[in-house]
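Input: a single structure, listed below in structure tokens.
Numbers restart at 1 for each chain; the letters A, B, ... are given by sequence-line order, proteins then strands. Note that the structure is a prediction, hence the values are computed from the model and not measured.
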There are 2 protein chains.
Amino acid sequence: MKNGRRPTISDVANHAGISKSTVSQYLNERFEYMGEETKKRIRESIKELEYSPNFLAKSLKQKKTYTIGIIVANILHGFSTRVIRTIEDVCNEQNIHVIVCNTDEDVNKEQKYVEMLQAKQVDGFIIFPAGDNNELYRELLNQEIPLVFVDRIIPELQVSTVLTDNEQAAEMAVSHFVEYGHKDIGFVLPPMKSTMTPRTERLSGFRKSMHRHSLSVNEDFIYSAPLTDMVGYLKSRFQTARKPTALVTSNDLTLVEVLRFCKEQAIVIPDELSIVSIDDMPLASVYNPAITAIDQPAFTIGAKAASLLLDEINEREKTPGIYRFSPTFLKRETVNRT
Amino acid sequence: MKNGRRPTISDVANHAGISKSTVSQYLNERFEYMGEETKKRIRESIKELEYSPNFLAKSLKQKKTYTIGIIVANILHGFSTRVIRTIEDVCNEQNIHVIVCNTDEDVNKEQKYVEMLQAKQVDGFIIFPAGDNNELYRELLNQEIPLVFVDRIIPELQVSTVLTDNEQAAEMAVSHFVEYGHKDIGFVLPPMKSTMTPRTERLSGFRKSMHRHSLSVNEDFIYSAPLTDMVGYLKSRFQTARKPTALVTSNDLTLVEVLRFCKEQAIVIPDELSIVSIDDMPLASVYNPAITAIDQPAFTIGAKAASLLLDEINEREKTPGIYRFSPTFLKRETVNRT
DNA sequence: TTGTAAGCGTTATCAA
DNA sequence: TTGATAACGCTTACAA
């Protein structure tokens, strides 16, 4: 069929001398009452015409696209990428297609993408919320579109959410430092926003854990600045006499900036400064010294998010819940005894 | 409209007391002959009903989805990710949607994804070819589906292809080493396959460049192994007396393994071994020592690939060509004078 | 066991 | 300036 037009189900039906509906049955593997001869004729016609079905038409008719949308706030985080890869794997196994959109933490972009995917009639959404976009999310809920959140909790809304146990992650870091004799422990993070669950929870986990170890939190050792200014910010903050002996970095992107700072200032890790990173990175284990890190359970999170969404889509009703999973501590070389 | 069913164009038409076709005109901004009053009524009905168009139906009718598919062989390469991000940006500006699929270098997966995206009626493909899948590509060409290749050349096919000037990349590395007095220069790469344009071209560029500098290539200094075995492989190969003083790594993933090897063997960079990496990485500039690297022009490549494809889709005919772009040399700290 | 016919939500042609 | 009507390619009652 090197004809211009792609063949349709009608072409196959005509070619096989059989009706459209029977061909449709065949394509959907409803073979119950189908004669062998019929099947064979259809099979041959399909091959001969090089027919392949038009998914759009099917979706339009069935009001179901077997496609889900993933809206991710920041694809630059290795964590997001890994969660998404897992979701894709789970979905592919069930022949569900996945469309990924990256919002760069921009609520307008987020809105635009949600609308676009709705126009495309996706069957459901997995969203890493960009921030304060509750109107949009509520709208989705009103329309009863299946929805799962990842990484960030929107307390105002009843939506299943799956994320790392962030307080536990901070606790792991602090405990490790304490075990190695550190008391002056600092915490580095991008600017706090209440909507950013991971960093707020990690910071609160940090405070709680310090407390639990009977250490006081020195507010001068909490470092928060935009990543683009982080190095300069740390330089000026580290001018003072009293400095922390140990630092928790709040995520992979923050870690990179802290390492850049240490490199520029020739601060020797861990001799002068111990570090634990929340988030592992590809080069972390190979860095000099290898970065002690806390790895988020991206795989578990992705798999859970996917199965929650697919359950919702298939109307296996569940009441929305919040699912937290434990991170893993990776002992390496950036923490010194003090 | 908290009704179950989502409103359609007919609902809007009824609500506004106007025909479907006029509403359709309105939606497509064909306002030439439209009365102000009509426009207003439509606008209000749309708002009131919270109508949003069904893209599927439109695509079915127009035989055009305003969607392209990207098939990428290995999303783990930072290069691929950056190219894709650029393509997405270009397309978003023109309201073209993008669906990305990762094949893990698996030709069967590639075939499956191409078929899926065809079923979804995408308007064109940008493919980072997984390997020897020429039948599939030829089929696409036969069906006159717009197609652009990135990163790998399929010499048997007449398809526009855009990629890094890989020979130049190798040349940059060798020249830099020579300038610093190195003669015993090695090259590390994953297993050679003729379909993998980057590594074959980088290696041939390496050989040519050595020759141009009147240096002989020591075949014992060409290291090729699967990434998973690379560290062990290098360990055994480095048992011998004569070793290179400098190493070119063929891409980012290879660099990581070489660094791992050096770390495990306590080989001091650059004192004992100089390194230039083809491909920059997020942590490269922060590594100790900072990795001298050659950065691929991912942005230029992505933009060119997107515009070539969009031109093809819009039937601005062009004869297929091969477009190579120059990489950038980033002088850092992993090359020593010898 | 297979066929007929209506309909999914749009757009496009032509007529009014 | 707007409206009727037929398509787009498929599924699905229901009929035969």
C/dC8 phosphate, OP1 or OP2, under 4.0 Å from A/S59 side-chain N/O: no
Nucleic acid footprint by protein, nucleotides 11-16 of chain C - heavy-atom cut-off 4.0 Å, B for base, S for sugar-phosphate alone: BB----
Indicate every side-chain donor-acceptor pair of residues 154-162 of chain A with a distance under 3.5 Å to a residue at least two apart or in another chain.
unit_1 : atom_1 : unit_2 : atom_2 : d
A/E156 : OE1    : A/N134 : ND2    : 3.3
A/S160 : OG     : A/G321 : N      : 3.3
A/T161 : OG1    : A/V159 : O      : 3.0

A/N14 CG - D/dC10 C1' separation (whole Å): 15 Å
Whole-Å distance separating the CD atom of A/E36 from the P atom of C/dT2: 10 Å
Value in whole Å for how far the C1' atom of C/dT10 lies from CZ of B/R6: 14 Å
Lys NZ or Arg CZ of B/K39 over B/Y26 ring: under 6.0 Å, within 45°: no
Nucleotide nearest B/S19 when distance is taken to its side chain, options C/dG3, D/dG3, D/dC10: D/dG3
B/H77 backbone acceptor or donor facing B/T81 side chain under 3.5 Å: yes
Interatomic distance where CD belongs to A/E32 and P belongs to C/dT2 [whole Å]: 12 Å
Pairing of A/K47 and A/E44 as salt bridge, 4.0 angstrom limit: no
Separation of atom CD1 in A/I42 from atom P in C/dT1, rounded to whole Å: 14 Å
Rounded distance in Å - CG (A/L60) to C1' (D/dC10): 8 Å
D/dG9 phosphate, OP1 or OP2, under 4.0 Å from A/T8 side-chain N/O: no
Distance below 4.0 Å between A/Y26 side-chain N/O and D/dC10 OP1 or OP2: no
Distance flag, aromatic centroids of A/F55 and A/H97, threshold under 6.0 Å: yes
D/dT11 OP1/OP2 closer than 4.0 Å to side-chain N/O of A/K64: no
Salt-bridge contact A/K112-A/E115 (side-chain N to carboxylate O under 4.0 Å): no
Whole-Å gap separating P (C/dT10) and CG (A/N54): 17 Å
Sugar-phosphate, base or nothing in reach of B/L56, heavy atoms under 4.0 Å: nothing
Nucleotide nearest B/I18 when distance is taken to its side chain, options D/dC10, D/dG3, C/dC8: D/dG3
D/dG3 phosphate, OP1 or OP2, under 4.0 Å from B/T22 side-chain N/O: yes
Sugar-phosphate, base or nothing in reach of B/F31, heavy atoms under 4.0 Å: nothing
Distance in angstrom units between A/K63 NZ and C/dA6 P, rounded: 19 Å
Any donor-acceptor pair under 3.5 Å from B/R41 side chain to B/A16 backbone: yes
B/Y51 side chain, from C-beta outward: closest of C/dT10, C/dG3, C/dG9: C/dT10
Residue pairs involving residues 84-96 of chain B (criterion salt bridge (Lys or Arg N to Asp or Glu O under 4.0 Å); sequence neighbours excluded): A/D104-B/R85
